[in-house]
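Keep in mind that this is a model prediction, so the values were computed, not measured. The sequence lines fix the lettering, A, B, ..., with proteins before strands; numbering per chain opens at 1.
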Amino acid sequence: MRTEQDVIRYLSDYSDFEKAVYVATFRIPYGKVSTYQKIARKIGEPDAMRAVANTLHNNPLYPIVPCWRVVRSDGGFGGEAKAAAERRERVENEGVPTADGKVLMTDDIVV
DNA sequence: CCCGTGACCGACT
DNA sequence: CAGTCGGCCACGG
């Protein structure tokens, strides 16, 4: 369970949409982040950012698939407060700059 | 097939 | 600047 192929194999029972979401997220490099909207665009479903969020919420491959590296467009972390705080810590531990509980959405860290 | 749900977004009070 | 609102969408019941 390390390569992208492993991820796809594990998700064999999931929909193509879900596979695409997890694979795209799997590609986000350490120390960087992406947004629900960008992931949606990447997989060819520009208006499905909401569905992307739902999918990541049920991430069956945590922590193989780094879902915590996906944030809202404004750099904030959604979801339940406690869980959101954990994701924020993880992101900060990877060296991503934050302020006021939000990621500083600079072009050098947002993929 | 319709309906509710939700880790969203942008525009508009 | 904090809320609200309508639009969008995959998924499960």
Side-chain angles (χ1 to χ4, degrees):
Chain A
M1 189 57 72
R2 326 175 125 293
T3 73
E4 189 171 301
Q5 288 310 310
D6 289 328
V7 172
I8 296 176
R9 208 174 307 138
Y10 183 89
L11 298 171
S12 61
D13 293 324
Y14 290 68
S15 71
D16 290 338
F17 178 84
E18 291 170 306
K19 287 194 191 75
V21 170
Y22 292 124
V23 168
T25 302
F26 182 72
R27 296 202 179 113
I28 304 174
Y30 182 98
K32 300 213 172 191
V33 301
S34 189
T35 71
Y36 298 103
Q37 187 169 71
K38 290 198 136 197
I39 295 293
R41 293 205 187 98
K42 274 178 173 287
I43 66 177
E45 290 296 333
D47 297 314
M49 62 284 270
R50 202 148 183 198
V52 168
N54 285 338
T55 300
L56 288 175
H57 178 55
N58 312 309
N59 181 11
L61 289 175
Y62 180 93
I64 306 301
V65 170
C67 57
W68 58 87
R69 293 185 191 142
V70 183
V71 301
R72 300 189 313 211
S73 292
D74 68 352
F77 299 82
E80 187 228 354
K82 191 170 186 178
E86 279 186 52
R87 290 190 290 133
R88 179 170 61 73
E89 283 184 45
R90 271 196 104 111
V91 167
E92 294 177 331
N93 286 333
E94 298 190 348
V96 175
T98 65
D100 298 315
K102 292 181 181 177
V103 172
L104 294 173
M105 304 303 274
T106 52
D107 301 302
D108 55 317
I109 68 114
V110 180
V111 176

Atom [atom1] of [X] and atom [atom2] of [N]: how far apart are they, to the nearest Å?
X       : N      : atom1 : atom2 : value
A:Leu56 : B:dC8  : CG    : P     : 10 Å
A:Asp13 : C:dG12 : CG    : P     : 12 Å
A:Asp47 : B:dG10 : CG    : P     : 11 Å
A:Lys38 : B:dC9  : NZ    : P     : 12 Å
A:Arg72 : C:dC8  : CZ    : P     : 21 Å
A:Asp16 : C:dC9  : CG    : P     : 17 Å
A:Glu80 : B:dC8  : CD    : P     : 13 Å
A:Asn54 : C:dG12 : CG    : P     : 11 Å

**Complete:** Per nearest nucleotide of DNA chain C, the residue lying toward the 5' end, A:Arg50 or A:Phe17, is A:Arg50
**Asked** Where each residue is assigned the nucleotide of DNA chain C containing its nearest heavy atom, which of A:Glu45 and A:Met49 is assigned the position nearer the 5′ end?
**Response** A:Met49
Kindly compute the distance separating [atom1] ([X]) from [atom2] ([Y]), expressed to the nearest 0.5 Å.
X       : Y       : atom1 : atom2 : value
A:Leu56 : A:Ile39 : CG    : CD1   : 7.0 Å
A:Thr55 : A:Phe17 : OG1   : CZ    : 4.5 Å
A:Ile64 : A:Arg2  : CD1   : CZ    : 8.0 Å

**Prompt:** Is A:Tyr36 touching bases, backbone alone, or none of the nucleic acid, heavy atoms closer than 4.0 Å?
**Reply:** base
**Request:** For A:Ala84, report the nucleic acid contact type (base, sugar-phosphate, nothing); a contact means any heavy atom under 4.0 Å.
**Result:** nothing
**Message:** Less than 6.0 angstrom separating the ring centers of A:Trp68 and A:Tyr62, yes or no?
**Reply:** yes
**Message:** Looking only at side-chain N and O atoms, does A:Gln5 offer a donor or acceptor that is under 3.5 Å from a partner on A:Arg9?
**Reply:** no
**Item:** A:Gln37 side chain near C:dC8 phosphate (N/O to OP1/OP2, under 4.0 Å)
**Value:** no
**Request:** Please determine if a side-chain N or O atom of A:Ser73 lies less than 4.0 Å away from the OP1 or OP2 oxygen of B:dC9.
**Result:** yes
**Prompt:** If each of A:Arg41 and A:Asn58 is mapped to the nucleotide of DNA chain B with the nearest heavy atom, which maps nearer the 5' terminus, i.e. the 5' end?
**Reply:** A:Asn58
